[in-house]
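Below you'll find the structure, written out as structure tokens, and then a few comments.
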Amino acid sequence: MTAGPDREPLDRAFFDRPVLEVAPDLLGRVLVRRTPDGPIELRLTEVEAYAGPADPGSHAYRGRTERNAVMFGPPGHAYVYFTYGMWHCLNMVCGPEGHPSGVLLRAGEVRHGHEWAHQRRPKARNDHELAKGPARLATALGVDRRLDGSDVCAGADGPLSILSGHPARPDQILSGPRTGVGGEGATHPWRFWIDGERSVSPYRAHTPRRRNATRRQVGT
DNA sequence: TCGTGGATGGCCT
DNA sequence: GGCCATCCACGAC
């Protein structure tokens, strides 16, 4: 963790571009999460683009609410949401203010702070399982709703930064349909990952939930 | 190693 | 009341 031009955080202009440019450009770069315990560094290996108010897979699809307000704000901020009653997911707001698009950080490889990451993810059996999946990534980094709206361009004072160095080469980047999104949202290749990375979560097709079948009746 | 389904709570219609 | 940008325990093989 030495100083240098590679360690400069990405600036606002980086995020103030179309989300389909920003998403693959984030791959290979290092996310820094500063905690009271110490910093954790993660090399991003898998991301997913959510492309504005017309995207049915996006939280912004049905307009602005208190929860998704950060997505409608200026780029370069973190959007953290709570899902499935248990998990948090970390997104980067992209594009011009008022245009709610973002990139979900789906997976990464921990490069520094393994001990803290393993403490937060005791189920992880090895290093590449620490942040394999968006909820695991957020858990390993200690990210929750308190970080919603954090300025990622604030530098070393902020809880999150993404460093400018070591972007993945274009020939290392693959793309495909998004995970877990059904309907029209599944047809666009808006998921990007680095070829051959063990920390990339396996593709699972969208499986619609069966009505009534999942909830076993309680009582008589 | 793979597939299946339960857990769990805030948000939105 | 149903839907979720998920994870993981567990059983089958």
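Note on naming: letters A, B, ... go to the chains in the order of the sequence lines (proteins, then strands), and numbering restarts at 1 for each one.
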When you measure from the side-chain N and O atoms of [X] to the phosphate of [N], is any distance below 4.0 Å, counting only OP1 and OP2?
X	N	value
A:Thr65	B:dC12	yes
A:Arg62	B:dC11	no
A:Arg121	C:dC8	yes

From [atom1] of [X] over to [atom2] of [N], roughly how many Å is that when rounded to an integer?
X	N	atom1	atom2	answer
A:Arg125	C:dC7	CZ	P	14 Å
A:Lys123	C:dT6	NZ	C1'	14 Å
A:Asn68	C:dA5	CG	P	13 Å
A:Lys132	C:dA5	NZ	C1'	18 Å
A:Asp144	B:dG9	CG	P	16 Å
A:Glu48	C:dC4	CD	P	15 Å
A:Arg106	C:dC7	CZ	P	7 Å
A:Arg136	C:dT6	CZ	P	11 Å

Check: With no hydrogens and no angle check, is any side-chain donor or acceptor of A:His114 less than 3.5 Å from a backbone partner on A:Val110?
Finding: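 The answer is yes, because a donor-acceptor pair under 3.5 Å joins these two groups.
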Notebook entry, point to check: For A:Glu8, does its backbone N or O pair with a side-chain atom of A:Ser164 as donor and acceptor, under 3.5 Å?
Noted result: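 Present.
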Next item on the list: Name the pairing partner of B:dT8, where a pair is Watson-Crick or G-U wobble with both distances under 3.5 Å, or state none.
Entry: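 Partner of B:dT8: none.
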Margin query: Both distances below 3.5 Å, Watson-Crick or wobble geometry, any strand: find the nucleotide opposite C:dA5.
Written below: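 Result: none.
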Check: Checking A:Arg12 against A:Phe15: charged group under 6.0 Å from the ring centre and within 45 degrees of the axis?
Finding: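 Negative - A:Arg12 is either too far from the ring of A:Phe15 or too far off its axis.
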Margin query: Using the P atom as the point on both nucleotides, what is the distance between C:dG2 and B:dG6, in whole Å?
Written below: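 Rounded to whole Å, the distance is 16 Å.
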Produce the list of close N/O pairs, under 3.5 Å, pairing protein atoms with atoms of nucleotides 10-13 of chain C; give distances to one decimal.
none

Side-chain contact, heavy-atom cut-off 4.5 Å: [X] with [Y]?
X	Y	value
A:Ser58	A:Met71	yes
A:His166	A:Asp6	yes
A:Leu42	A:Leu137	yes

Margin query: Tell me whether the ring of A:Tyr50 lies stacked over the C:dA5 base, given a 5.5 Å limit on centroids and a 30° limit on the plane angle.
Written below: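 According to the criterion (under 5.5 Å, under 30°), yes, A:Tyr50 stacks.
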Note to self: By a 5.5 angstrom centroid cut-off and a 30 degree plane limit, is there stacking between A:Tyr84 and C:dT6?
What the structure shows: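 It does: the two rings, one from A:Tyr84 and one from C:dT6, meet the stacking criterion.
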Notebook entry, point to check: From B:dA7, B:dC11, C:dC7, pick the nucleotide closest to the side chain of A:Met86?
Noted result: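 So the nucleotide nearest the side chain must be B:dA7.
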Note to self: Let me spell it out: for each of A:Phe82 and A:Gly63, pick the nucleotide of DNA chain B with the closest heavy atom. Which residue's pick is nearer the 5' end?
What the structure shows: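 So the residue in question is A:Phe82.
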Check: Can A:Arg34 and A:Ser161 be counted as having a side-chain donor-acceptor contact under 3.5 angstrom?
Finding: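 Short answer, yes.
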Next item on the list: Check whether the side chains of A:Tyr79 and A:His59 place a donor and an acceptor atom closer than 3.5 Å, and report yes or no.
Entry: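 Checked: A:Tyr79/A:His59 side chains pair up, N/O donor to acceptor below 3.5 Å.
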Check: Can you list, by residue number, the residues of residues 95-105 of chain A that have a non-hydrogen atom closer than 4.0 angstrom to DNA chain B?
Finding: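 Residues of residues 95-105 of chain A under 4.0 Å from DNA chain B: none.
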Check: Are any of the side-chain nitrogens in A:Arg136 or A:Glu129 under 4.0 Å away from the carboxylate oxygens of its partner?
Finding: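 No, no charged N to carboxylate O under 4.0 Å.
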Next item on the list: Would you mind checking if A:Arg120 and A:Asp37 are paired as a salt bridge, meaning a charged N to carboxylate O distance below 4.0 Å?
Entry: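 Salt bridge present between A:Asp37 and A:Arg120.
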